[in-house]
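Right, one structure below, let's go through it.
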Amino acid sequence: MTDPLVAAGGSLGELPAVVRTWVDGWARSRGTDAPRGVPGGFRIEVGSPNHRARYVLPAADPAVLRDLVGAIDTPGLWIKVCAPREALEPALTPAWKISEPQYLMVSALAPMPPATPPPGYTLDLTDHDGIIDARVLCSGTGAGSGSGSGGAVLAASGRAALTTGAPGSAAHSVPAPPCAAAAVFDMIGTEAAHRRRGLGRFLMASLARRAAELGAGQGVLVASPDGRALYEALGWRLRAPVTAAVFTA
């Protein structure tokens, strides 16, 4: 059986194509303008004081990095490169700060039976305009930092954005099912008081199931070091390390 990540015509197993999918889905998830192509990669306008924009590069090309770092003089601009720290660090000046490692990961998606929530929890799942939102709610009242409907406590939440992986094209508008090629998983988190109860696994299964129903053949995400362990246990595989740095002064 053909792996959806390397299907003919999409070449989604190739790193530049995976990155293209990630940046478009991330932009859709966060509600930014579509990424635009720049030498060596993409730029996304984020718009917050500490994160004005991000450059995302599929590779640590020394010439591209030299020109990009030399042109950046505004604090709050980020560079994210699909490469280990040692590939990016030599191109940076002391004005740059490197953040913790991240990991670009992929997984094939396929229809599956509904997952069962752990006892005491319920799922609130919605999708609109190609954005799937999942909230896992606890009916108790003491733990957690937010509340859901009916006084329930928010225990975990996350989002998946459907994309055809074509930044700046018509694909950045809503991809009509079943034409969505991928789902980019984003903002996955479990409240501290509800961890180690299987909520992360349940949340990811619920998002993946709905994304597959809407036509997504693969999932893409960028994980933290802690998140990587969960996703690998769920069958996701590492595609590339990601190193991020921000210009500070």
Quiz item: Any chain of hydrophobic side-chain contacts (each under 4.5 Å) joining Val81 to Val69?
Solution: yes
Exercise. Please step through side-chain contact (heavy atoms from CB on, under 4.5 Å) for the pair Glu89 and Ile98, ending with a clear verdict.
Key: CA-CA 8 Å; Glu89 195 166 25; Ile98 296 179; 4.0 Å; yes
Quiz item: So do the side chains of Leu57 and Leu68 get within less than 4.5 Å of each other, counting heavy atoms only?
Solution: yes
Quiz item: Roughly how far, to the nearest 0.5 Å, is CZ of Arg54 from CG of Leu77?
Solution: 12.0 Å
Quiz item: Are Leu15 and Trp26 linked, directly or through other ILVMFWY residues, by side chains that come within less than 4.5 angstrom of each other?
Solution: yes
Quiz prompt | Hphob cluster co-occupancy, Leu234 + Leu123, side-chain heavy atoms under 4.5 angstrom | solution = yes
Quiz item: Mind checking whether Cys82 and Val19 have side chains closer than 4.5 Å, heavy atoms only?
Solution: yes
Self-check item: Distance, nearest 0.5 Å, that separates CG of Asp226 from CZ of Arg228
Solution: 12.0 Å
Practice problem: Would you please test Leu207 and Ile188 for side-chain contact (heavy atoms from CB on, under 4.5 Å) and show each step? | Solution: CA-CA 10 Å; Leu207 285 169; Ile188 308 296; 3.7 Å; yes
Quiz item: Going by the angle between their ring planes, with limits at 30° and 60°, are Trp96 and Phe247 parallel, tilted or perpendicular?
Solution: perpendicular
Quiz item: Between Trp236 and Phe185, is the ring centre distance below 6.0 Å?
Solution: yes
Quiz item: In terms of ring plane angle, is the pair Tyr121 and His194 parallel, tilted or perpendicular, where the classes change at 30° and 60°?
Solution: perpendicular
Quiz item: So do the side chains of Phe42 and Asp24 get within less than 4.5 Å of each other, counting heavy atoms only?
Solution: no
Exercise. Find out whether Pro117 and Thr122 are in side-chain contact, i.e. whether some heavy atom of one side chain is under 4.5 Å from a heavy atom of the other.
Key: no
Quiz item: Is the closest side-chain heavy-atom distance between Leu137 and Leu154 below 4.5 Å?
Solution: yes
Quiz item: What distance separates Arg52 CZ from Glu45 CD, expressed to the nearest 0.5 Å?
Solution: 11.0 Å
Self-check item: Distance (rounded to the nearest 0.5 Å) between Arg30 CZ and Ile44 CD1
Solution: 9.5 Å
Quiz item: What are the two closest non-hydrogen atoms of Trp78 and Ser99, and how far apart are they?
Solution: CZ3-OG, 4.0 Å
Self-check item: Value rounded to 0.5 Å, distance of OG1 in Thr164 from CZ in Arg20
Solution: 9.5 Å
Exercise. Determine yes or no for a side-chain-to-main-chain donor-acceptor pair under 3.5 angstrom, with Arg210 supplying the side chain and Ile132 the backbone.
Key: no
Exercise. Flag this pair as yes if the NZ/CZ of Arg239 is under 6.0 angstrom from the six-membered ring centre of Trp22 and inside a 45 degree cone about the axis; otherwise no.
Key: no
Self-check item: Whether Ser206 side chain and Phe202 backbone form a donor-acceptor pair below 3.5 Å
Solution: yes
Practice problem: With the side chain counted from C-beta on, respond yes when Val136 and Thr190 share a heavy-atom pair under 4.5 Å apart, and no when they do not. | Solution: no
Self-check item: Residue pair Pro58 / Pro16: nearest heavy atoms and the distance that separates them
Solution: CB-CA, 4.1 Å
Quiz prompt | Trace of the side-chain contact (heavy atoms from CB on, under 4.5 Å) decision for Glu213 with Asp127 | solution = CA-CA 11 Å; Glu213 289 177 342; Asp127 64 82; over 6 Å; no
